[in-house]
Undergrad: 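Dropping a structure here in structure tokens format, bear with me for questions.
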Amino acid sequence: MNYKIAVIAGDGIGPEVVEETVNILNCVGDKFNHKFEYEYLLAGGCAIDEKGIPLPEETLEACKKADAVLLGAVGGPKWDNPDAKIRPEQALLGLRGGLGLFCNLRPALLYAPLKEASPLKDSIIGDGIDICVVRELTGGIYFGERGREEINGVKGAYDTERYNENEVRRIGKIAFETAMKRNKKLTSIDKANILESSRLWRKVIDELAKEYPEVEVNHMYVDNAAMQLVRNPKQFDVIVTSNMFGDILSDEASMITGSIGMLPSASLGEGKKGMYEPIHGSAPDIAGQGIANPLATILSAAMMLRYSFDLEEEAKAIEKAVVSVLEEGYRTADIMSEGNKLVGTKEIGKLVLEKILS
Ligand code: IPM
Ligand code: MG
């Protein structure tokens with residue numbers, strides 16, 4: 001089969017990690033007889049530099065036509081003026097909104113060979129951590145009305161958290177379905193002791209729970225969840241939460257698994273099209289040095305094969321190869337620990353590639 005992939009390498013380490021990932025996809029294509037076609041597109045800071053806007057129309061249009069989107073990272077200090085009207089991050093929100101990708105799956109998996117990279121004690125980690133964060137991605141405060149105001153001569157600013165029942169139901173449904181495929185345990189995280197939108201969220205999740213009687217559901221306030229994630233992460237299996245809470249908690253969940261450099265993500269909508277990106281950012285401090293960890297992007301490509309192309313065997317081949325390389329002790333700087341072998345972006349990419357071929 002032929003698959004059309006829109007590739008947005010982006011800024012900072014984006015192009016480096018994407019290059020390794022495309023090599024891996026080509027190798028999977030050769031081995032399993034698929035043809036992946038790539039269209040390289042501009043978005044983020046580099047698009048601001050070349051086109052004056054973070055998400056050029058032709059980029060969004062090409063992504064709409066593609067079967068899936070692979071994204072590296074966007075942003076960097078060059079465009080980081082908080083007062084700027086044009087910012088690289090707008091490209092991400094524009095892509096998510098423009099492609100209708102309301103569901104963000106962020107699996108936080110602690111790979112056994114990386115146990116020593118986790119900042120948590122062995123007694124807390126036990127035999128491993130495997131959490132799937134299901135984050136709502138096109139609603140809530142990141143998409144709500146915002147603005148500046150002046151009341152009685154005092155300047156202010158506001159953002160709005162707003163959800164309707166349909167938005168909660170569609171993300172809730174995916175979370176329940178995900179829970180059914182895993183351990184039938186779902187934690188819905190909100191701030192229903194304060195926020196009206198959270199009370200609506202809770203009500204819809206409770207209604208959905210009746211359709212999934214096998215799933216054990218519990219509700220947790222976000223502040224407590226932030227604490228529980230480091231106190232006892234093993235109590236979590238599938239987490240479902242709003243856009244902002246999911247943004248914050250998924251970074252926390254990623255760190256307990258050792259490194260943000262390891263975690264992939266899939267952004268999905270109604271159809272098969274998805275956008276796949278590492279959850280880390282553009283890491284401008286290490287860009288261009290050949291030391292970035294490409295594994296999160298490589299694992300994102302595995303999610304692409306699984307969710308957009310239904311190529312489960314191929315997805316597993318990538319994931320298995322990554323685990324083997326880690327088991328053999330190869331590490332990029334972000335996950336390095338004593339006794340292991342330090343390698344750069346290209347070397348670890350090549351090692352994964354060789355494993356897939358072997
Ligand atoms: C993420 C990022 C983005 C987000 C930023 C860069 C807009 O932090 O994907 O988690 O907040 O969604
Ligand atoms: Mg984030």
Side-chain angles (χ1 to χ4, degrees), residues 8-14 17-18 42-48 53-55 59-60 63 69-108 131-144 146 159-161 163 167 171 189 222 225-226 229 239-257 259-269 274-285 287 292-293 296-297 299-300 303-304 334:
I8 298 173
D11 309 313
I13 60 169
V17 295
V18 162
L42 283 178
C46 53
I48 295 178
I53 45 171
L55 182 59
T59 296
L60 183 58
C63 290
V69 182
L70 177 69
L71 188 140
V74 298
K78 184 174 172 195
W79 310 278
D80 232 3
N81 172 8
D83 290 327
K85 285 240 158 10
I86 292 177
R87 301 174 54 84
E89 292 80 5
Q90 290 160 347
L92 272 185
L93 297 193
L95 283 162
R96 291 168 182 171
L99 299 171
L101 306 174
F102 62 85
C103 169
N104 191 209
L105 297 180
R106 298 190 159 186
I131 301 171
C132 183
V133 179
V134 181
R135 169 188 176 193
E136 200 290 324
L137 204 60
T138 52
I141 195 163
Y142 290 11
F143 282 80
R146 68 181 59 115
D159 299 274
T160 357
E161 174 86 349
Y163 273 110
E167 288 172 310
I171 190 74
I189 295 174
V222 62
L229 265 171
I239 286 175
V240 64
T241 190
S242 65
N243 202 342
M244 179 162 66
F245 295 161
D247 184 23
I248 298 165
L249 293 177
S250 61
D251 270 29
E252 187 185 2
S254 79
M255 195 57 224
I256 63 181
T257 69
S259 166
I260 197 166
M262 286 300 301
L263 292 203
S265 82
S267 302
L268 306 168
M275 183 161 80
Y276 300 85
E277 55 177 315
I279 89 157
H280 62 69
S282 60
D285 51 325
N293 183 352
T297 316
L299 291 167
S300 300
M303 292 185 89
M304 173 189 294
D334 57 314

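Not measured: the values here are computed from a predicted model. Counting convention: from 1, in listed order, for ligands and their atoms alike.
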Undergrad: Can you confirm whether Leu105 sits close enough to Val134 that some side-chain heavy atom of one is under 4.5 Å from a side-chain heavy atom of the other?
TA: yes
Undergrad: Do Glu277 and ligand 1 have an N or O pair less than 3.5 Å apart?
TA: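 In fact, backbone or side chain, Glu277 has no N or O that close.
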Undergrad: Find, among atoms of Asp247 that are N, O or S, the one nearest to the Mg ion (ligand 2), and state its name.
TA: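 Output for this pair reads OD1.
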Undergrad: Under 4.0 Å from ligand 1, counting heavy atoms only, is it the side chain of Arg96, its backbone, both or neither?
TA: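 Just the side chain.
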Undergrad: Do the side chain of Ser265 and the main chain of Ile279 share a donor and acceptor less than 3.5 angstrom apart?
TA: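 No; judged by distance alone, with no hydrogens or angles, the pair does not exist.
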Undergrad: Using a strict cut-off of 4.0 Å, indicate which atoms of ligand 1 neighbour a heavy atom of Tyr142.
TA: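 Selected atoms, number and element: 11 (O).
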Undergrad: For Ser267 and Leu101, work out which heavy atoms get closest and say how close.
TA: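 Taking every non-hydrogen atom into account, O-CD2, 3.6 Å.
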Undergrad: Is there a side-chain contact between Pro107 and Met303 (heavy atoms, below 4.5 Å)?
TA: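 Pro107 reaches Met303 side chain to side chain.
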Undergrad: Under the criterion side chain to side chain contact (heavy atoms under 4.5 Å, CB included), which of Leu55, Leu95, Leu70 is the partner of Ile8?
TA: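 With Ile8 as partner, side chain to side chain contact (heavy atoms under 4.5 Å, CB included) holds for just one option, Leu95.
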Undergrad: Would you indicate which of Glu89, Gln90, Arg135 comes nearest to atom 4 (C) of ligand 1 when only heavy atoms are counted?
TA: Arg135
Undergrad: Taking only heavy atoms of Leu92 into account, list the atoms of ligand 1 that are under 4.0 Å away from them.
TA: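 Once the distances to Leu92 are compared, the set is 6 (C).
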Undergrad: Where is the nearest protein heavy atom to atom 8 (O) of ligand 1: which residue, which atom, and how far?
TA: Asp247 OD1, 3.3 Å
Undergrad: Between Arg87 and ligand 1, which part of the residue brings a heavy atom under 4.0 Å of the ligand: side chain, backbone, both or neither?
TA: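 Under 4.0 Å from ligand 1, Arg87 contributes no heavy atoms.
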Undergrad: Please confirm whether the backbone N or O of Leu42 pairs with a side-chain atom of Thr59, one donor and one acceptor, at under 3.5 Å?
TA: yes
Undergrad: Any side-chain heavy-atom pair from Thr241 and Glu136 closer than 4.5 angstrom?
TA: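 No - every pair of side-chain heavy atoms lies 4.5 Å or more apart.
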Undergrad: Which residue and atom name correspond to the protein heavy atom nearest atom 1 (C) of ligand 1, and how close is it?
TA: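 Minimum-distance protein heavy atom for atom 1 (C) of ligand 1 reads Arg106 NH2, 3.3 Å.
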